[in-house]
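Notes for the one structure printed next.
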Amino acid sequence: QFTLGETASSLTKNQEEYFILTTNKGTQIKAKVVVIAAGLGCFEPRKPHLVNLSKFEDRGVDYIIKDPEKYRDKNIVIAGGGDSALDWTIFLADVCQSVHLIHRRTEFRGAPESVKRLKDLVKLGTVNLLINSEVKELIGEEHLKEVTIQQDNQEDIIIPTDYFIPLFGLTPKLGPIAEWGLGLDKNAIVVDSYDYATNVQGIFAIGDINTYSGKLKLILCGFHEATLMVQSAFKLIHGGKNPSFKYTTVTGIKPLD
């Protein structure tokens, strides 16, 4: 069975020693074994260090652009110097009433053609570019109204805006998994390389989410870890019974009906 579009939020055990996994939408899944294969974890946006940032989240501060039409004829301020910041600045220049791009350096990390396109738009007056600058303060009541920009060797300026969009990339986090009582090392789950079991019996972690001596973050290693994990998981599910192996080089491959 597949449960899509939901986040694993909590993990407990019932009186029958079954794991009960609950998602953010209330779905509950019962199992004897849990395997965590979460890659690098949950990716969250890198947020600027602003005192009242959380106050304006979803009220003028967005970290991802889902529907560009949301910003139609609006005044927006984008912060960042990578591909995402450049690409959205260029795209939204034809959508918004005004676009300010704030970058704390003079050089950009984006593709050269995007940098050239940006500079062309700046010359045309379609985009307002402020380099060696960063957003210092967010101003507003129920919704964001203005941002204060701090510039090197210059006075701060205030820009009226409807939306502030910081695009500083993503950072991996363990998310709710960090609260499940597992042994952790930074943003990874510590496992036994014998079968990639965690410190909690019945819970395994494979792939980039785990860590052990000699760990390599390769897809090939993930397959290897999964293969060894399944042997121990099978025994736990079937009361210690060993799995039976069959090899296609001997038995052949049965065609699908």
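These numbers come from a predicted model, not from an experiment.
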Minimal heavy-atom distance between Ser9 and Trp180, with the atoms involved, is O-NE1, 3.3 Å
With Glu142 via side-chain hydrogen bond (donor to acceptor under 3.5 Å, both in side chains) - residues at least two apart: Arg59
Between the side chains of Glu17 and Lys32, is the shortest nitrogen-to-carboxylate-oxygen separation below 4.0 Å, so that they form an ion pair? no
Find out if a path of hydrophobic residues (ILVMFWY) with successive side-chain heavy-atom gaps under 4.5 Å connects Leu92 to Val77. no
Hey, any chance Val35 and Tyr212 share a hydrophobic cluster, counting ILVMFWY side chains that come within less than 4.5 Å of each other, even indirectly? yes
Would the distance check show the side chain of Asn210 and the main-chain N or O of Ala197 forming a donor-acceptor pair, the cut-off being under 3.5 Å? no
Taking atom types as modelled, find out whether Asp62 and Tyr71 have a side-chain donor-acceptor pair closer than 3.5 angstrom. yes
Side chain of Asn14, backbone of Phe19: donor and acceptor closer than 3.5 Å? no
Check the surroundings of atom CD in Glu69: do more than 12 heavy atoms from other residues, nucleotides or ligands lie under 6.0 Å from it? yes
Keeping Lys215 on the side-chain end and Gly207 on the backbone end, is there a donor-acceptor pair under 3.5 Å? yes
Exam field: side chain Ser133 to backbone Gln151, donor-acceptor pair closer than 3.5 Å: no
Please check: side-chain N/O of Thr148 versus main-chain N/O of Lys136, any donor-acceptor pairing under 3.5 Å? no
Angle between ring planes, His103 versus Phe108, binned at 30° and 60°: parallel, tilted or perpendicular? parallel
Are any of the side-chain nitrogens in Glu113 or Arg117 under 4.0 Å away from the carboxylate oxygens of its partner? no
Over 12 foreign heavy atoms within 6.0 Å of CD, Gln201: no
Do side-chain atoms of Thr23 reach the backbone of Lys25 as a donor and acceptor pair under 3.5 angstrom? yes
Determine whether more than 12 heavy atoms belonging to other residues, nucleotides or ligands lie under 6.0 Å from atom NZ of Lys119. no
In terms of the angle between their ring planes, are Trp88 and Phe91 parallel, tilted or perpendicular, with boundaries placed at 30° and 60°? perpendicular
Verify the cluster assignment for Leu167 and Val115: are they in a single hydrophobic cluster under the rule of side-chain heavy atoms below 4.5 Å apart? yes
Tell me, yes or no, whether the heavy-atom count around Leu124 atom CG, taken from other residues, nucleotides or ligands under 6.0 Å, exceeds 12. yes
Quick check on the 6.0 Å ring-centre criterion: do His100 and Phe164 meet it? no
Around Asp73, counting heavy atoms of other residues, nucleotides and ligands shown, do more than 12 lie under 6.0 Å from its CG? yes
Salt bridge check, Asp152 against Arg104: does any charged N sit closer than 4.0 Å to a carboxylate O? no
Residue pair Leu228 / Tyr196, side-chain heavy-atom distance below 4.5 Å: yes
Going only through I, L, V, M, F, W and Y residues with side-chain contacts under 4.5 Å, is there a path from Leu130 to Tyr163? no
Between Glu57 and Lys47, is the salt bridge (charged side-chain N to carboxylate O under 4.0 Å, His left out) condition met? List the steps. CA-CA 11 Å; Glu57 289 176 343; Lys47 300 181 180 182; 3.0 Å; yes
Counting N and O atoms only, with roles assigned by atom type, does the side chain of Asp83 sit under 3.5 Å from a partner on the main chain of Ala111, one being a donor and the other an acceptor? yes
For the backbone of Gly110 and the side chain of Ser114, can you confirm whether one donor and one acceptor N or O come within less than 3.5 Å of each other? no
Within the structure provided, determine whether Leu11 and Ile203 are in side-chain contact (heavy-atom separation under 4.5 Å). yes
For atom NZ of Lys173, decide whether the heavy atoms of other residues, nucleotides or ligands shown that lie under 6.0 angstrom number more than 12. no
Does a sphere of radius 6.0 Å around OH in Tyr194 hold more than 12 heavy atoms from other residues, nucleotides or ligands, not counting ones at 6.0 Å or beyond? no
If you group Ile, Leu, Val, Met, Phe, Trp and Tyr by side-chain heavy-atom gaps below 4.5 Å, do Val230 and Ile237 land in one group? yes
Thr211 side chain to Asp185 side chain, donor-acceptor N/O pair below 3.5 angstrom: no
